[in-house]
Amino acid sequence: MPDTIYRLVYFSKNRIAGGPERIATEIDSILAASRRNNPHCGITGALVFNRGIFAQALEGRGVAVETVFERIQQDPRHGDVQVLAFNKAAERVFPNWSMAFLGQSREDQNMFGHIGRDTGFSTARIEGQRLLEIIRTIALEEEARAA
Ligand SMILES: Cc1cc2nc3c(=O)[nH]c(=O)nc-3n(C[C@H](O)[C@H](O)[C@H](O)COP(=O)(O)O)c2cc1C
């Protein structure tokens, strides 16, 4: 029996102080840790950073997702973490990525503008499925761009 796969989707606010260079350095370190740690526990996923907002999808065995997310949640480099979805998934959306980083080339676009507006990051809730669709669409576009 293959393991049941769970997917967690959240977004959060950047708390890294400093300018774009400092932020880029910290994101590099986050990605390095992700790519070092995630393969050991069978986690795959994607991280998007845009205009001060992180969005991340984590997929893997339930316990593995919970364990890595516990650690991520306590990271002072972000805050106001809002989980939008945590449920069983028919299959992985990012099977080939220990942690994809998306949207690097899009700081000119306000990718999550409507999320910020819709939710104010506190009260209303955007659906997890919708955020996942946004992340998936960006991933497909970046893949096409790279091809
Ligand atoms: C937005 C965000 C996403 C992160 N995603 C991951 C991740 O997918 N995997 C991971 O191991 N650490 C991730 N981290 C980093 C963890 O919070 C933590 O710093 C790291 O796992 C520590 O790894 P180390 O003990 O190997 O240095 C993330 C941090 C932030 C702020």
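Start at 1 and go down the list; that is how both ligands and their atoms are numbered. Note that the structure is a prediction, hence the values are computed from the model and not measured. We use all heavy atoms of the structure for the numbers below, so side chains are in, but hydrogens, waters and symmetry mates are not.
Residue Asn38 has at least one nitrogen or oxygen atom sitting less than 3.5 Å from a nitrogen or oxygen atom of ligand 1, judged on distance alone. Checking only distances, Arg77 does come within under 3.5 Å of ligand 1, N or O to N or O. The shortest N or O to N or O distance between Tyr10 and ligand 1 is not under 3.5 Å.
Of all protein heavy atoms, the one closest to atom 6 (C) of ligand 1 is Ser34 OG, 3.1 Å. Of the protein's non-hydrogen atoms, Ile30 CD1, 3.7 Å is the one closest to atom 30 (C) of ligand 1. From the protein, the heavy atom lying nearest to atom 14 (N) of ligand 1 is Ile72 CG1, 3.9 Å.
In summary, the atoms of ligand 1 found under 4.0 Å from a heavy atom of Asp75, numbered by their order in the structure, are 15 (C), 16 (C), 17 (O), 18 (C), 19 (O), 29 (C), 31 (C). With ligand atoms numbered from 1 in the order given, ligand 1 contributes 10 (C), 11 (O), 17 (O), 20 (C), 21 (O) to contacts under 4.0 Å with heavy atoms of Arg71. Listed by atom number, the atoms of ligand 1 under 4.0 Å from Met99 heavy atoms are 8 (O). Proximity to Arg36 (heavy-atom distance under 4.0 Å) selects the following atoms of ligand 1: 24 (P), 26 (O), 27 (O). Residue-ligand proximity, Phe54 to ligand 1, at heavy-atom distances under 4.0 Å covers atoms 1 (C). For ligand 1, the atoms sitting less than 4.0 Å from at least one non-hydrogen atom of Leu58 are 8 (O), numbered in the order shown with element in parentheses. Remark: ligand 1 atoms within the under-4.0 Å shell around heavy atoms of Asn37 are 11 (O), 21 (O), 23 (O), 24 (P), 26 (O).
Ring-plane geometry between Tyr10 and His78 is classed as perpendicular, the angle between the planes exceeding 60 degrees on a 0 to 90 degree scale with a lower cut at 30.
Qualifying side chain to side chain contact (heavy atoms under 4.5 Å, CB included) partners for Leu47, counting only residues two or more places apart in sequence or in other chains: Ile30, Leu31, Phe54, Gln56, Met99, Phe101.
No single ILVMFWY cluster, assembled from side-chain heavy atoms under 4.5 Å apart, contains both Val83 and Ile5.
With hydrogens and angles ignored, the 3.5 Å screen pairs no side-chain donor or acceptor of Arg35 with any backbone N or O of Trp97. Counting only distance, with no hydrogens or angles, the side chain of Asp3 and the backbone of Arg61 share no donor-acceptor pair below 3.5 Å. A donor-acceptor contact shorter than 3.5 Å links the side chain of Arg22 to the backbone of Ala17.
Heavy atoms of Phe69 come nearer than 4.0 angstrom to ligand 1 in no pair at all. Proximity of Ile43 to ligand 1 is not established, as no heavy-atom distance is less than 4.0 Å.
Looking at Arg136 and Glu133, a side-chain N of the basic residue comes within less than 4.0 Å of a carboxylate O on the acidic one, giving a salt bridge.
Test Thr44, Leu8, Val9 against Glu59 for side-chain contact (heavy atoms from CB on, under 4.5 Å) and you get one pass: Thr44.
Applying the salt bridge (Lys or Arg N to Asp or Glu O under 4.0 Å) test to every pair with at least one member in residues 64-78, sequence neighbours left out, gives these pairs: Glu26-Arg77, Asp75-Arg77.
For Gln56, every heavy-atom contact with ligand 1 shorter than 4.0 Å involves the side chain, none the backbone.
With rounding to the nearest 0.5 angstrom, the CD1 atom of Ile135 is 10.5 Å from the CZ atom of Phe11. Atom CG of Leu131 is separated from atom CD1 of Ile53 by 10.0 Å, given to the nearest 0.5 angstrom.
For atom 25 (O) of ligand 1, the nearest protein heavy atom lies 4.0 Å or farther away.
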